[in-house]
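Naming convention: chains lettered A, B, ... in sequence-line order (proteins, then strands); numbering from 1 in each chain.
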Protein chains: 2
Amino acid sequence: MAGKRNGKRTTITLKEVAELSGVHASTVSRALNPATRSMVMPAVVERILKAAKKLGYQPDPVAASLRTGRSSLVGILVPDIANTVFAPILSGATERLDEQGYSVIVSDVGNEQGRQIDLVAKLMARRVDGLILATVSRDDPLVAYCIERNLPAVLVNRAETQSRLSAVVSDDALGMQLAVDHLSELGHKRIAHLAGPTRHSTGFLRRRGFAQAMAANGFDAAAAPCEVADAFTREAGAVAMRRLLDTHRGITAIAAANDLLALGAYDVLHERGLSCPGAISIIGHNDMPLVDMVAPALTTIRISHREMGRQAADLLHQAIEQPDAPARNVVLPPKLIVRKSTAAPPSTK
Amino acid sequence: MAGKRNGKRTTITLKEVAELSGVHASTVSRALNPATRSMVMPAVVERILKAAKKLGYQPDPVAASLRTGRSSLVGILVPDIANTVFAPILSGATERLDEQGYSVIVSDVGNEQGRQIDLVAKLMARRVDGLILATVSRDDPLVAYCIERNLPAVLVNRAETQSRLSAVVSDDALGMQLAVDHLSELGHKRIAHLAGPTRHSTGFLRRRGFAQAMAANGFDAAAAPCEVADAFTREAGAVAMRRLLDTHRGITAIAAANDLLALGAYDVLHERGLSCPGAISIIGHNDMPLVDMVAPALTTIRISHREMGRQAADLLHQAIEQPDAPARNVVLPPKLIVRKSTAAPPSTK
DNA sequence: AGCGGCCTTGCAATCGATTGTTCCGCGGAA
DNA sequence: TTCCGCGGAACAATCGATTGCAAGGCCGCT
């Protein structure tokens with residue numbers, strides 16, 4: 001019944017290949033597996049390979065998985081597939097994992113924590129070999145959950161505070177430094193930060209990076225205006241931006257923790273009839289698709305999310321192969337992309 | 001060995017639940033499956049359920065899959081995960097499939113045809129219960145491949161010429177009609193079409209829809225300027241747009257087959273110092289994220305891709321449950337979204 | 001010449017759930 | 001009272017690949 005989708009076409013099994021080549025199924029198994037191939041005489045191997053090709057044999061991963069406990073499946077947890085930041089990560093990761101022979105089960109988590117653990121439990125039941133997590137907060141119970149169960153996992157984009165698992169992230173401190181340096185060089189004196197949620201490492205580290213960069217540029221970091229958005233969305237960015245403008249005077253430049261927050265800031269400038277970069281310069285973070293098309297084209301810090309996904313795939317592969325190797329952190333360097341949303345501050349009179 | 005990730009934690013099997021409740025494993029299996037539960041005495045069912053809960057029993061989908069040939073897995077083939085059009089489709093589909101108890105394997109196809117068939121073969125080996133295809137061209141061998149192998153599949157976004165499989169698409173003819181009507185009402189007389197590749201139903205049907213809509217508005221459809229882009233990308237859109245402007249005079253409005261093509265057209269207007277909508281009005285198709293932020297904000301035809309994904313999931317579920325039911329087509333109505341890229345034509349002198 | 005060991009292959013158990021078949025015991029009907 | 005039937009549960013085969021173990025043959029060494 002299994003493997004038989006209709007009347008005529010039956011899937012061919014190891015045993016059939018064995019019969020055709022006149023050996024036992026176990027020998028076929030060994031001959032087909034590169035790791036055990038050396039146990040079989042070369043001449044026999046060749047005969048078996050020929051028979052397998054002739055029959056069009058395709059191994060059944062389900063049966064193999066049952067026996068071995070491995071599955072060549074990895075799960076990827078993303079907060080939101082449709083988010084233009086996570087899509088390239090997914091894309092890069094699946095590309096590389098595919099090369100390595102894994103198939104990818106994608107889980108869109110939504111936002112509930114409990115659900116996240118449930119999803120992982122379901123993936124474990126499916127015998128996934130490992131997990132790529134793009135969802136974790138700075139201190140996430142999910143990490144402990146995976147470690148306790150010896151499930152290989154790596155983090156991507158967002159890291160956790162303790163580095164218990166391998167992770168690939170952007171250098172958020174450097175990113176903010178590039179941003180602040182750029183604004184400072186343009187002559188800005190009153191630079192504000194539109195921060196992201198601090199439960200995520202990106203929000204937290206970029207905020208800290210902003211403070212450090214301000215200090216490095218000779219500003220009083222503690223006095224620098226800063227508002228925290230509830231989420232990395234355009235709407236939350238707009239809300240925080242309004243607070244920022246309402247409670248602080250004389251801001252001429254804004255370093256946002258994220259492009260969507262920056263776009264939310266754009267919306268508020270529109271509302272209030274302020275020009276960008278005439279009245280206020282804005283710099284984003286991520287360089288997500290199409291931000292070069294908005295008006296004004298957004299100056300931002302580019303992160304190669306696709307590359308991030310690829311590296312995460314590599315790290316996961318290693319974590320699966322060598323479960324006891326120590327966690328490694330890969331930090332990718334971001335890059336300043338200057339467009340039209342930043343300029344010298346309006347001349348003060 | 002299998003199911004045992006470390007020393008202490010062993011997964012519990014049916015047999016252990018059976019021992020605890022004093023019955024045979026097969027009885028446990030029947031008691032746990034709602035469909036066969038009636039074969040077991042209610043009192044025994046209750047005892048078994050209690051034991052299962054106590055042990056924290058979780059059925060092994062791999063073993064079940066081996067036996068039954070079903071897997072609760074579905075594959076989704078997309079041309080490009082990172083494409084902002086396909087991401088919401090994926091998102092909507094996974095959301096609904098998750099509710100229905102399926103997990104989703106995502107395959108990013110790239111563009112080679114052969115590779116596509118290989119991927120499907122691999123998915124079939126994994127015993128996927130069905131497929132959602134967002135990749136097919138108007139006449140795609142992949143469709144025949146699935147049908148021959150009795151693999152339930154549905155199409156999304158792009159349809160094929162013969163309706164052999166269920167599909168959910170946008171009403172492309174209506175979309176173009178909305179676009180042309182809008183431009184015509186604004187007073188445009190010389191309306192051009194920036195078409196997409198005609199090997200895809202979207203490119204083909206929108207082009208035909210454009211011609212029909214032009215005729216309906218009293219224009220000579222055959223004489224209307226039209227250039228076909230090689231791909232649904234910004235770059236290809238720019239190339240086609242240059243051809244359009246170089247070979248036709250007096251165009252005042254452009255109906256693009258897709259937002260990315262429209263953005264490519266923006267690029268060309270920039271190059272040539274033409275204003276939009278001052279000199280030329282442009283209308284897109286899809287309403288993908290952020291096109292409200294570009295300058296000028298893009299007037300476009302909105303398609304709810306997320307809803308498309310959801311409906312595709314429903315259709316697939318039906319196709320799996322009733323493999324012999326006839327193919328159904330779901331056509332979603334698109335909607336005109338007026339923004340800033342369309343206006344009355346420049347007054348002719 | 002005999003024996004130990006290695007190389008190659010076959011045998012059979014195993015992974016865990018599902019399901020066709022068998023078996024048992026009890027109640028009702030002849 | 002006996003037999004049939006049936007509900008309910010156990011038994012065992014099965015899905016297909018993997019792998020520890022056993023067996024057989026050949027070679028070399030003493």
Side-chain angles (χ1 to χ4, degrees), chain A residues 1-5 10-48 51-52 55-73 124-127 129, chain B residues 1-5 10-48 51-52 55-73 124-127 129:
Chain A
M1 187 141 306
K4 193 185 289 185
R5 288 268 174 202
T10 299
T11 49
I12 43 275
T13 70
L14 265 192
K15 207 187 288 184
E16 298 172 57
V17 178
E19 272 166 29
L20 180 60
S21 39
V23 296
H24 192 264
S26 61
T27 305
V28 177
S29 172
R30 288 189 256 257
L32 260 31
N33 181 343
T36 51
R37 182 166 299 163
S38 60
M39 300 173 139
V40 181
M41 286 219 305
V44 179
V45 169
E46 197 171 339
R47 186 149 42 96
I48 291 174
L55 293 177
Y57 171 72
Q58 271 235 296
D60 184 329
V62 176
S65 177
L66 178 60
R67 176 64 223 252
T68 62
R70 276 166 274 116
S71 64
S72 302
L73 280 174
M124 283 195 69
R126 285 201 189 269
R127 300 267 199 278
D129 291 343
Chain B
M1 186 142 307
K4 194 185 287 184
R5 288 268 175 201
T10 299
T11 47
I12 44 277
T13 69
L14 265 192
K15 207 187 288 184
E16 298 171 57
V17 178
E19 271 166 29
L20 179 60
S21 37
V23 296
H24 192 265
S26 62
T27 306
V28 177
S29 172
R30 287 189 250 259
L32 260 31
N33 180 344
T36 52
R37 184 167 298 164
S38 59
M39 300 172 132
V40 181
M41 286 219 307
V44 179
V45 169
E46 198 171 339
R47 188 148 41 94
I48 290 174
L55 293 177
Y57 171 72
Q58 271 234 298
D60 184 329
V62 176
S65 178
L66 178 59
R67 177 64 225 247
T68 63
R70 275 166 274 118
S71 63
S72 301
L73 281 175
M124 283 196 70
R126 285 201 190 270
R127 301 268 198 277
D129 292 343

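Here C/dA17 presents its P atom at 18 Å from CZ of B/R127, a figure rounded to the nearest Å. Rounded to an integer number of Å, the gap from NE2 of A/H24 to P of D/dT18 is 14 Å. Atom CG in B/L32 sits roughly 16 Å away from atom P in C/dG16 (whole-Å rounding). Residue A/I48 contributes atom CD1, which lies 14 Å from atom C1' of D/dA17 at whole-angstrom precision. For the pair A/M39 CE and D/dT18 P, the interatomic distance rounds to 13 Å; values are reported in whole Å. Taking atom CG of residue A/D60 and atom P of nucleotide C/dA17, one finds them 17 Å apart after rounding to whole Å. Atom pair A/E46:CD and C/dT8:P shows a separation of 16 Å (rounding to whole Å applied). In this structure, A/K15 atom NZ and D/dA17 atom P are separated by 10 Å, rounded to whole Å.
Residue A/V62 is out of contact with every strand shown, counting any heavy-atom pair closer than 4.0 Å. Counting non-hydrogen atoms under 4.0 angstrom, A/P59 reaches the backbone sugars and phosphates but no base. Using a 4.0 Å heavy-atom distance criterion, B/T13 is classed as a sugar-phosphate-only contact. Within 4.0 Å (heavy atoms only), B/V28 reaches no atom of the nucleic acid at all.
Contact between A/D129 and A/S72 at its shortest, heavy atoms only, is OD2-N, 2.8 Å.
The closest donor-acceptor contact from the side chain of B/T68 to the backbone of B/R70 lies under 3.5 Å. Judged by distance alone, with hydrogens and angles left aside, the side-chain atoms of A/S71 form a donor-acceptor pair with the main-chain N or O of A/R127 at under 3.5 Å.
Candidate nucleotides D/dT18, C/dG16, D/dC11 were compared by shortest atom distance to the side chain of B/S26, and D/dC11 ranks first. Across C/dT19, C/dT9, D/dA17, the shortest atom-to-atom separation from the side chain of A/V40 is found for C/dT9. You'll find that the side chain of B/L66 is closest to D/dG16, out of C/dA17, D/dG16, C/dG10. In this structure, of C/dT8, D/dT18, C/dT19, it is C/dT8 that holds the atom nearest to the side chain of A/M41. When each of C/dT19, C/dA17, D/dA17 is scored by its nearest atom to the side-chain atoms of A/L14, the top-ranked nucleotide is D/dA17. Of the listed nucleotides (D/dA9, D/dC11, C/dG16), C/dG16 has the atom at the smallest distance from the side chain of B/R67.
The CG atom of B/L55 sits 9.5 Å away from the OG1 atom of B/T13 when rounded to the nearest 0.5 Å.
For the side chain to side chain contact (heavy atoms under 4.5 Å, CB included) with A/V45, the lone residue among A/T27, A/V40, A/L32 that qualifies is A/V40. Test A/S29, A/P59, A/S26 against A/L14 for side chain to side chain contact (heavy atoms under 4.5 Å, CB included) and you get one pass: A/S29.
For C/dT9, neither phosphate oxygen OP1 nor OP2 lies less than 4.0 angstrom from any side-chain nitrogen or oxygen of A/T27. For A/S29, a side-chain nitrogen or oxygen approaches OP1 or OP2 of D/dT18 to under 4.0 Å.
In the interface, the side chain of B/R30 is not paired with the base of D/dG7 through any donor and acceptor atom under 3.5 Å apart.
DNA chain D is contacted by both B/P42 and B/A63; B/P42 maps to the nucleotide lying nearer its 5′ end (nearest heavy atom per residue).
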